[in-house]
Structure formats: structure tokens, C-alpha cells
Amino acid sequence: MQRIINRPDYVVEDMLKGFLKAHSDLVVATSNSRVVRAVGDTEGRVGVVTGGGSGHKPAFIGYLGRGMVDAVAVGEVFSSPTAGAFLDAFREANGGKGVACLYGNYSGDNMNVKLAMKMAKREGIEIRTVVANDDVASAPKGQSEKRRGVAGEILMWKVGGAKAASGATLDEVIAVAQKAIDQTKSIGIGLSPCTLPAVGHPNFEIQEGTMEVGIGHHGEPGIAVHTLESANVMAEKMLDVILPDQPFSEGDEVAVLVSGLGATPVMELYILFGEVEEKLKEKGIRISRSYVGNYFTSLEMMGVTLTLMKLDDELKACLDAEADTVGLKSFPGKHSV
Amino acid sequence: MQRIINRPDYVVEDMLKGFLKAHSDLVVATSNSRVVRAVGDTEGRVGVVTGGGSGHKPAFIGYLGRGMVDAVAVGEVFSSPTAGAFLDAFREANGGKGVACLYGNYSGDNMNVKLAMKMAKREGIEIRTVVANDDVASAPKGQSEKRRGVAGEILMWKVGGAKAASGATLDEVIAVAQKAIDQTKSIGIGLSPCTLPAVGHPNFEIQEGTMEVGIGHHGEPGIAVHTLESANVMAEKMLDVILPDQPFSEGDEVAVLVSGLGATPVMELYILFGEVEEKLKEKGIRISRSYVGNYFTSLEMMGVTLTLMKLDDELKACLDAEADTVGLKSFPGKHSV
Amino acid sequence: MQAFSNERGLPIVEAMIRTIQDNKTHLSEIDGMIGDGDHGTNMNKGFTLCEERLQAMDASFLEGLQVLGDILFSEIGGSMGPIYGTIFMEMAGAVKTPSRIDEHAFLAMLEAGIAGLDEIIEAKVGDKTLMDVLLPARDAFSGAVRDGKDFRQALDDMVQACVAGRDATVGMVARFGRSSRLGERSRGVLDAGAASCCLLLQAMAKGINELLEDV
Amino acid sequence: MQAFSNERGLPIVEAMIRTIQDNKTHLSEIDGMIGDGDHGTNMNKGFTLCEERLQAMDASFLEGLQVLGDILFSEIGGSMGPIYGTIFMEMAGAVKTPSRIDEHAFLAMLEAGIAGLDEIIEAKVGDKTLMDVLLPARDAFSGAVRDGKDFRQALDDMVQACVAGRDATVGMVARFGRSSRLGERSRGVLDAGAASCCLLLQAMAKGINELLEDV
Ligand SMILES: Nc1ncnc2c1ncn2[C@@H]1O[C@H](COP(=O)(O)OP(=O)(O)O)[C@@H](O)[C@H]1O
Ligand SMILES: Nc1ncnc2c1ncn2[C@@H]1O[C@H](COP(=O)(O)OP(=O)(O)O)[C@@H](O)[C@H]1O
Ligand SMILES: [Mg+2]
Ligand SMILES: [Mg+2]
Ligand SMILES: [Mg+2]
Ligand SMILES: [Mg+2]
């Protein structure tokens with residue numbers, strides 16, 4: 001295990017120490033060592049909270065900041081944060097107008113959020129949730145409540161965060177975040193496993209010369225193991241699953257997010273994006289916002305997730321709104337067209 | 001080789017196709033397929049050019065954009081761009097006030113830049129260069145002309161780009177870029193090799209359980225191979241080389257850039273940053289700007305580079321100036337303190 | 001009628017802590033077969049933190065359960081923190097600080113713990129989770145109480161149901177949690193959560209038994 | 001006096017292209033011992049592009065060299081593009097489109113190629129680079145001309161010096177380029193650039209020889 005760590009059981013603590021120091025312009029520690037919040041307050045507006053296991057940098061804490069997320073509950077590597085952390089994140093993000101908890105569909109997160117909401121309610125904090133389920137490979141079309149949340153969460157946070165920053169009500173924030181994730185579909189391809197520092201060896205395998213289509217963000221098995229193919233064929237296989245699911249069709253305008261899983265050279269993410277762009281163009285689907293990079297990773301896994309969001313004017317405005325976070329900065333009026 | 005590519009010999013072409021599509025708001029193609037330029041023109045101000053081999057994303061083309069680099073010459077993977085590409089980049093960036101070519105000290109780049117400058121001079125374009133040599137491990141202190149340029153180049157581009165954007169003269173841009181790199185020192189630690197797609201196997205080795213201190217951006221041998229140590233000891237070993245070299249000493253204010261080499265989880269970059277911060281504080285050296293992430297990579301190498309820049313008011317102002325590129329966006333007045 | 005003193009009931013919680021500590025490796029091994037192999041570690045972390053916290057106070061049985069629940073809530077993420085945290089917090093809050101706890105009070109506690117879970121999980125009997133122990137245990141205990149058996153007998157019935165429920169998970173296919181991803185391949189081994197739940201209820205029963213007084 | 005027609009001199013450039021194509025694998029193998037094993041590939045790419053470009057035109061010897069230089073300049077990065085690009089561009093520009101090229105003109109071309117390199121590289125004889133072939137070749141040719149030998153004899157002397165220079169690189173430690181990183185370990189094998197430079201000058205000499213006429 002060729003890693004830059006001190007104590008394998010304390011990587012999250014050690015990481016947070018560095019993160020808080022490095023980004024003191026954007027984030028601050030709170031009384032709960034597993035809750036980080038954005039600088040500035042949410043007084044008089046809706047607060048946005050998320051949370052999840054560690055090991056997905058820049059997710060989750062990298063999206064803290066103006067125009068995106070206000071407080072994050074931080075879990076162990078690949079493990080849900082505690083209910084207590086979610087509760088404290090709710091308290092931190094509460095500015096009197098309620099809190100939108102926008103998180104991913106994993107059973108631990110679901111339980112901890114629900115438990116924290118119960119406690120928060122007793123304190124009079126109004127919490128509503130949107131549960132991201134953009135990973136189309138994680139359950140069949142009819143069973144979207146079983147689908148996991150993956151890189152599409154970033155677009156959900158961006159949209160919900162922009163709406164909250166605009167002074168919208170909790171209902172409005174929830175509605176647009178729900179729309180964002182409803183119109184977003186993702187799929188991953190895994191090319192190598194990853195190793196949790198505390199475990200010391202990979203806990204799943206991907207044979208050299210094969211690729212796992214539909215892999216999850218923690219190595220959850222995909223829908224098929226294929227012989228390794230070219231970027232062109234990968235793009236095709238991914239689109240073949242995503243496009244009919246939404247469906248995305250001729251005349252649609254979409255945002256495309258290609259995220260590396262950690263160890264794949266960014267050069268290759270662009271190669272894949274180039275293939276996706278070509279295929280979408282052939283189908284008459286227009287990409288008007290694009291994000292390519294390591295946006296939501298899985299430690300040092302090799303592989304990629306492809307995310308498409310069907311756009312409308314409201315979603316576009318929210319994507320384009322100014323934001324200043326570690327993982328995503330956008331200037332007003334600046335975007336790919 | 002678990003990679004997302006089409007044709008191993010055409011990864012640069014395929015990458016550029018995707019890059020240009022994904023970032024059409026920031027960059028545009030030129031008549032030379034190996035030259036990419038920022039949108040907007042340099043009319044009436046100094047243009048900034050750089051260039052180098054591919055495989056270092058977001059370097060080099062990821063730093064094209066407002067407030068940073070105006071045109072980039074793109075080479076094959078880990079290989080200098082052609083002299084022709086540098087010449088065309090000069091032409092693209094020339095707005096009548098001369099061009100600052102800010103690049104890294106590699107023999108191929110040196111030759112191609114010199115040859116291109118000779119041609120440019122014939123066309124009446126004034127070119128001056130600053131050659132980054134921040135990698136202290138690549139030659140002893142007295143022989144800084146032999147030292148390679150690594151991640152410190154990013155700070156040089158940021159500073160030079162900001163100065164050029166402010167309307168300064170070519171002399172002023174060159175002077176501040178030279179100061180930037182003179183006050184910047186870097187060192188890398190390699191934890192795993194990387195594989196060029198066209199070659200198909202790693203062309204150097206790093207034994208499991210060891211680390212190569214002082215490794216170069218293409219796997220150039222470092223100054224020592226040690227048993228793999230904790231992040232704490234890595235930070236110490238790196239600072240032990242960097243600090244006396246500048247020297248950085250008590251009372252200094254510095255910018256710190258921790259860049260992953262590609263496959264190291266970003267979580268670990270923060271762990272290393274945390275250790276560096278602590279050690280610098282003990283020595284009375286104050287970090288007032290910090291950058292942590294995959295800023296200058298080497299395909300899927302595991303490992304990290306640590307870069308320190310000694311700050312003064314002019315350098316700080318240039319680092320903080322607004323910039324809008326794929327690899328580095330900064331908002332005016334927003335920075336770590 | 002049989003009952004035990006809430007005031008002097010902390011040894012029951014201590015016995016629960018001990019059984020988790022003693023079976024840490026065993027529980028992780030079971031989890032390792034069809035899960036990620038950390039169930040013993042996860043549980044041990046929370047229960048040992050609780051042990052430390054309790055050393056610094058002079059807690060009753062219900063206060064001990066409350067501390068356990070609080071720590072699971074605030075220190076243990078994943079699924080075990082909220083599930084066991086809910087069970088113990090709800091049990092602790094089910095009865096209003098009585099001086100003695102009889103079988104009716106204990107039944108109310110079991111019912112409250114299970115009711116709390118309703119809001120956060122969906123698993124039922126047959127899904128290969130700790131519910132395969134918890135629900136039959138409650139049913140056995142409440143059946144015994146309904147049938148007029150005394151506290152001691154009811155606890156015996158409960159423990160029998162626990163063991164039967166735990167062992168029944170061997171034949172099941174997991175439908176929740178990490179091992180559910182394996183589908184049919186999850187059949188043939190115990191469920192880790194069922195195993196820990198069985199250990200905890202056994203320790204609870206044994207601890208209560210030792211403190212039971214006829215009143 | 002001996003000379004060859006510039007107009008009909010393209011076969012010389014074609015012979016140079018062919019020798020690189022024929023020795024592609026060999027050159028990469030040499031580079032593989034102490035470099036990154038791509039010298040044959042790099043050279044072949046540029047020279048083959050030149051071959052294609054020349055097919056579409058009716059070039060003279062000097063125009064052929066110019067095309068070769070241009071292509072190396074614009075299509076080949078790394079170190080070979082600028083080094084060989086400079087040599088051939090400067091050689092092509094050294095003499096003002098003469099109808100015939102004699103030994104004096106050819107010497108001027110060699111001198112110009114080397115002078116161009118001065119601005120971009122520092123390597124001298126003994127540094128284990130192509131300069132270990134190029135500089136002795138020029139010296140041998142100019143010495144022969146000074147001594148009053150004819151073009152043919154001067155070319156023979158040049159080729160002898162090339163081979164000796166190339167072989168001398170075996171005993172040297174590389175001081176420039178990729179293999180210089182190996183220090184002492186770079187001793188014991190040929191330098192790839194020296195090998196290709198020797199091949200090119202040999203092909204050039206042979207090509208010229210075949211076209212030489214007494215005038
Ligand atoms: N959604 C769920 N509903 C009910 N029980 C669950 C659920 N998820 C997990 N469990 C229980 O948790 C146990 C695994 O616990 P543990 O290994 O500590 O957590 P993790 O699965 O996060 O590693 C399983 O054996 C099962 O009994
Ligand atoms: N700085 C230099 N000065 C002179 N010759 C050089 C220099 N760098 C490389 N060479 C020559 O180039 C040859 C290697 O060429 P090639 O393998 O094509 O390039 P690369 O080293 O970039 O892979 C070496 O054998 C040497 O003769
Ligand atoms: Mg686990
Ligand atoms: Mg487990
Ligand atoms: Mg090479
Ligand atoms: Mg080579």
C-alpha cells in the first residue's frame with residue numbers, strides 16, 4: 001500500500017486537519033469534529049447540508065462554500081457519518097428558514113439522516129431531504145428508490161445551493177434539487193480496485209484486461225464485466241444505459257459531467273468526453289454545460305463516471321450562478337456552451 | 001494497462017478533441033493542431049506562452065485563460081512540443097507588446113523554444129523567456145541552471161499571467177515571473193511508476209514499500225530511495241531539502257502548493273499538507289496562500305510534489321488576481337490566510 | 001413478581017459491553033464472509049467508548065442504556081450506530097425512571113426499541129438482519145408474559161428465540177445491508193448483525209437474571 | 001574538380017530517408033539500452049513524413065533538405081526535431097541555389113549546420129551525443145579539402161571519421177539527453193543519436209558519390 005498517511009485508522013482526522021488549514025478562507029471547523037461548515041452564515045435563508053463517507057474528495061467537504069453547501073457531516077472512509085454529525089450539521093446550517101439535506105441513497109446515510117431529523121425536529125429545526133439516486137446501474141428503471149447516488153449529487157448540490165443562496169424558500173430549494181436529480185442519470189466503469197488504508201488490501205477485484213460496467217463508488221458490483229474496450233466503446237456502452245433510462249432524446253439540451261474515480265489520468269477523461277460529445281451530437285442531443293475532472297472519486301480507483309443532466313432554464317441558471325468552493329468554482333456568466 | 005484510450009499513439013489528438021469541446025468557453029483551437037489558445041485576444045498587452053509534454057493535466061492547457069496563459073504548445077506524452085508549435089503559440093499570443101515564454105527546464109523544451117524564438121525574431125515578434133527550475137532535487141544548489149521545472153511553474157504562470165493582464169510591459173512581466181520562480185522551490189516523492197499508453201508498461205520502477213525522494217515529473221530518478229514512511233516523515237524529508245535551499249526562515253510568509261502526481265487520493269494530499277503546516281509553524285514560517293490538489297500530474301503516478309514560494313506584496317497581489325482557467329480559478333480577494 | 005433495581009442495574013449494561021468486546025474478532029469474521037469484515041470492530045469501538053464514559057459516572061441501568069445509545073448515535077456511523085443507537089435510546093426512554101423494572105416494564109422497553117427502528121429501517125423477519133433476532137425475541141418475551149410466565153421464564157424463552165432466530169439467518173438470502181449485493185451468494189452463513197444482537201440479548205438476559213429479586 | 005547537380009540531387013535525400021527507415025528498429029534498440037527506446041521511431045516518423053511530402057513535389061537536393069528540416073521543425077518535438085531540423089535547414093540555406101555543389105559548397109553547408117546547433121545545444125566531442133560524429137566528420141572533410149584532396153576522397157575521409165566517432169561513444173559517459181541521468185551506467189554502449197548521425201552522413205556520402213561528375 002503506497003500511501004501518504006500517518007495512522008491508517010485516523011486518516012479522516014488527519015485529512016480534516018490539513019483541509020481546514022488549507023482552506024480557511026472557505027471553511028471552518030465546528031464544535032463537532034466531524035462537521036465542517038462554510039464560512040459566513042445562513043441567517044434568513046435556507047441552509048444546505050450534505051454528508052457521506054470519506055475517500056471521495058473533493059466530495060463532500062470540497063463543495064462547501066458560497067453558492068453550494070453550508071455544512072457537511074463527515075464519515076469514516078466509505079462509511080456513513082453518524083446521526084450526531086448530521087444533527088450538528090443541521091444545527092450549523094440552520095439560519096431560521098429550514099435546512100435542505102441533499103444526500104446520496106445509501107442505507108447507512110438514510111438511517112443516520114432520518115435519526116438526526118427526528119432529533120432536529122424536537123429542536124424545532126425544519127429539515128427536508130432530497131435523496132440522490134442517479135446511478136442507473138444500481139437498480140432497474142422501475143426501482144429508482146433502490147438506486148445509489150453518485151457524481152450527479154454534485155449537480156444537485158450546485159442547483160440546490162444556488163437556489164438557497166438566491167433566498168428561495170425551503171419548498172423551492174427542495175423542489176429544484178429534486179428536479180435536478182430526477183433529470184440526472186449516471187453510470188460508472190471501474191478499471192481497478194482501491195484499498196482502504198485501514199484494511200490494507202483491495203476488498204474487490206477487477207481483472208487486468210476487463211472493465212466493470214456499472215460499478216459503484218465503493219466498488220459495488222456493476223451490471224456486467226466486459227473485456228476492456230476502447231474509450232469509444234466505453235462511451236457507447238455507458239450511453240446505451242443512460243440515454244433510454246431518462247430518456248434523453250433528440251433536441252434535448254444536457255449538462256455532461258465526466259468524473260474520474262481517482263487514479264485515471266485526466267487526459268483520458270477528456271478522451272472519453274470527446275467520444276461522448278460525438279455520439280450525443282449524432283443523436284441530436286446538445287451539450288451546453290460540461291465538467292471534466294476528478295469531481296467525485298473513490299480513493300485510487302481507476303475508472304470513470306458519466307453523468308448527464310437534462311437541462312431547462314431554471315437548472316441552467318442555477319448551474320451558472322456564482323459559486324466558490326474547493327471542488328467547483330464558477331464565475332457568473334461563465335460556462336461551456 | 002487499464003486505460004480509457006482509443007489509439008495509444010494518438011492519445012494527445014483524442015484528448016485535445018475532448019478538451020476543446022469541453023472548455024469552449026475558455027479555450028479555442030488554432031490553425032496548428034498542437035497549439036491551443038485562450039479565448040479573447042492579447043491586443044495591446046504582453047502575451048504569455050508556455051508548453052510542454054502531455055500527460056501532466058491540468059498542466060499545461062488547463063492553465064489557459066483569463067489572467068494566466070494565452071497560448072500553449074502541446075507535445076506528445078512526456079515529450080517536448082515541436083519548435084513549430086512554440087512558434088505558432090508565439091504568433092497566437094502576440095498582441096504587439098511582446099510575448100513572455102514561461103516554461104520548464106528540459107533539454108527538448110529548451111531547444112525547441114530557442115529555435116522557435118529565432119524564427120519569431122525574424123517576424124519581428126519580441127520573445128523573452130523565464131525557465132522554471134524549482135525542482136531542488138534535480139541538481140545541487142550551485143547548479144540551478146541544471147534544475148528541472150515542476151509544479152512551481154503553475155505559480156510562475158499565475159504571477160506572470162496576472163502581471164501581463166494588468167497591462168505591464170514585457171520587462172515587468174519577465175521580471176516578476178523570474179522573481180516568482182527564483183523564490184519557489186519544489187521537491188517530489190514518487191510512490192509508484194506510470195505507463196505511457198504508447199509504451200504499454202512502466203519505464204521505471206518503484207518497489208512496494210519504498211519511496212523515491214526527489215523523483216521528477218517523468219519518473220526521473222530522485223536523490224534517494226527510502227523505506228516508505230509516514231506522511232509526517234515524508235513532510236520532514238521534503239522540507240529538509242527545500243527549506244535550507246531557498247532558504248526559507250523564521251518570519252517568512254509563503255505560499256504552499258501540494259500537488260498529487262495523479263493517482264494518490266486527494267485525501268492524502270491534505271494529510272501531507274497538515275504535516276507541512278505544522279512543521280512550518282514550528283519554524284515560524286507562515287503559510288498565507290495554499291493550494292492542495294492534482295495541479296501538475298504525471299499520468300497515473302502515485303506520489304506528491306511540495307512547492308513553497310516565498311511571498312512579498314507583489315507576488316501576493318499577482319497570486320490573488322482574478323483568474324479563470326480549468327486548473328485554477330481565483331476570485332478577486334479570495335484566498336487562504 | 002420478579003423485578004430488578006434500576007439503580008443497581010448497571011452490571012447488565014456492563015455485561016453487554018463485555019460480550020461485544022469478547023466477541024469482536026468473531027463478529028468481524030462472520031461479517032467478513034459476506035460483508036466487509038468490520039462488524040466486530042464497529043461494535044467494539046462504540047461499546048468500548050461507552051465503557052469509558054460509564055467509568056466516569058455512577059449510572060443506573062436506564063442511564064447506562066441511554067449513554068450507550070447516545071454514543072452509538074454520536075460516535076458510530078454506518079448502519080450499526082443508528083440501529084443499535086435507536087434501540088437503546090428508545091429502550092432507555094420507554095419507562096419513566098422506575099425504581100424497579102419488572103417484566104411488563106421490560107416488555108415496554110423492547111417494544112419501544114423496535115418501534116423506534118420502524119422509522120429508519122425496513123427489514124423484517126426473513127431478510128437476514130438483526131431483525132431476525134430482535135423481532136422473534138420480542139414475540140417470545142411478550143408471548144411468555146401474556147401466558148403468565150414469570151420474568152425469569154420469559155427471559156429464557158426470549159434467549160431461546162434469539163438463538164433460533166440467529167441460526168435461521170444461515171439459510172436466508174440477505175435483502176438489506178452490504179451483503180444483500182451478493183444475492184443468492186449470501187446464503188449459507190450467519191448474519192453478523194443477527195449474531196451481535198443475539199449476544200447482546202443473551203448478555204442482557206443473563207445480567208437481569210442475576211439481579212432479579214422477588215417482590 | 002568534382003561536383004554534383006543540385007537540380008538532380010534529390011536521390012541523396014531519398015537515400016538518407018531510406019537508411020533511417022531501414023534502421024528504425026536498430027536505432028530504437030540502441031536507444032533502449034540507456035535511453036527510452038524511441039529514437040528509431042522518432043526519426044522514422046519525421047523522415048517518412050518528409051518522404052510523403054517530397055513525393056508531391058519535384059525538389060532539388062537543397063529543397064529536399066529544406067523540406068526535411070521544415071518537417072523536423074514542425075512535426076518532431078523532443079530533441080531530435082530541433083537538432084536535426086536545425087542541421088538540415090541551415091545546410092539548405094548555406095549556399096545560394098547553385099546549379100552544382102562542389103566540395104567547398106558542401107563544406108560550407110556542414111559548417112552552417114554545425115553553427116546553427118551552437119545556439120541550441122551545448123554538447124561537444126566526448127559528451128556521447130551525435131556531436132561525436134558530426135564534429136569529427138566536419139573536421140575530416142575540411143582537413144581533406146585543405147590538404148587538396150578531391151570531393152570523393154574528402155567524403156571517404158568524412159565517412160571514416162563518422163564511424164570512428166560513432167564507435168568512440170561506446171567508451172563515453174553521456175553528459176546530455178536522457179541517458180545522462182544514468183551517469184557511469186551509460187558507459188559501454190553506443191549513443192543512439194551518434195548512430196543515426198553516422199547513418200545519415202554515410203548515406204549522404206554514398207548518394208553524393210553516385211552523382212559526382214568531373215567538371
Ligand atoms: N438496511 C439494514 N437494515 C437492517 N439491518 C441492517 C441493514 N444494513 C445493515 N444491517 C445489519 O448490519 C450488519 C452489518 O453491520 P456492520 O458490518 O457493522 O456495518 P456495515 O455493513 O456498514 O459494514 C448486517 O449483518 C445486518 O444485520
Ligand atoms: N541536449 C542534447 N544535446 C545533444 N544531443 C542530444 C541532447 N539530447 C539528446 N541528444 C541526442 O539525442 C539522442 C536521443 O534521441 P531520441 O531518443 O530521439 O530523443 P529522446 O531522448 O527525447 O527520447 C541521444 O542519443 C543524443 O545523441
Ligand atoms: Mg463497514
Ligand atoms: Mg460490515
Ligand atoms: Mg523520447
Ligand atoms: Mg529516446
* To do: Identify the two heavy atoms, one from B/Ile4 and one from A/Ala231, that lie closest to each other, and give their separation to 0.1 Å.
  => CG2-CB, 3.8 Å
* **Beyond-backbone contact of A/Leu191 with B/Arg3, side-chain heavy atoms, under 4.5 angstrom** => no
* Return the option, out of B/Lys329, B/Met302, B/Glu278, with the maximum number of heavy-atom pairs under 4.5 Å with chain A. => B/Lys329
* Interchain contact, B/Ser192 with chain A, by part (heavy-atom threshold 4.5 Å) -> neither
* To do: Under 4.5 Å, counting heavy-atom pairs only, tell me which of B/Thr210, B/Val256, B/Val77 racks up the most with chain A.
  => B/Thr210
* Would one find more than 12 heavy atoms of other residues, nucleotides or ligands at under 6.0 Å from atom CD of A/Glu205? -> no
* Structure fact -> Honestly, the part of A/Met267 sitting under 4.5 Å from a heavy atom of chain B is both
* Asked: Quick one: what part of A/Val326 sits under 4.5 Å from any heavy atom of chain B, side chain, backbone, both or neither?
  -> side chain
* Asked: So which of B/Glu208, B/Glu275, B/Met234, B/Glu13 has the biggest tally of heavy-atom pairs under 4.5 Å with chain A?
  -> B/Glu208
* For residues A/Leu299 and B/Pro265, report the shortest heavy-atom separation together with the two atoms involved. => C-CG, 3.8 Å
* To do: Assess whether ring pair (Phe, Tyr, Trp, His ring centres under 6.0 Å) is satisfied between A/His23 and B/Phe273, documenting all intermediate values.
  => CA-CA 11 Å; A/His23 303 299; B/Phe273 179 84; 7.8 Å; no
* Would the number of heavy atoms belonging to other residues, nucleotides or ligands and lying under 6.0 Å from OH of A/Tyr10 be above 12? -> no
* Heavy-atom pairs under 4.5 Å with chain A are the metric here; pick the option from B/Val258, B/Val266, B/Asn6, B/Asp14 that has the most. => B/Asn6
* With a 4.5 Å cut-off on heavy-atom pairs, point out which of A/Leu20, A/Asn232, A/Val292 contacts chain B the most. => A/Asn232
* Considering only heavy atoms, which portion of A/Ile5 lies under 4.5 Å from any heavy atom of chain B: side chain, backbone, both, or neither? -> both
* **Shortest non-hydrogen contact between B/Ala263 and A/Ala263, atoms and distance** => CB-CB, 3.5 Å
* Please look at A/Thr297 and chain B and tell me whether the side chain, the backbone, both or neither of the residue comes under 4.5 angstrom of a heavy atom of that chain. => neither
* To do: Inspect the surroundings of CD in B/Glu236 and state if more than 12 heavy atoms from other residues, nucleotides or ligands are less than 6.0 Å away.
  => yes
* Structure fact -> Okay, A/Glu300 and chain B: the region with an atom under 4.5 Å from a heavy atom over there is both
* **Distance (rounded to the nearest 0.5 Å) between A/Asp25 CG and B/Ser288 OG** => 11.0 Å
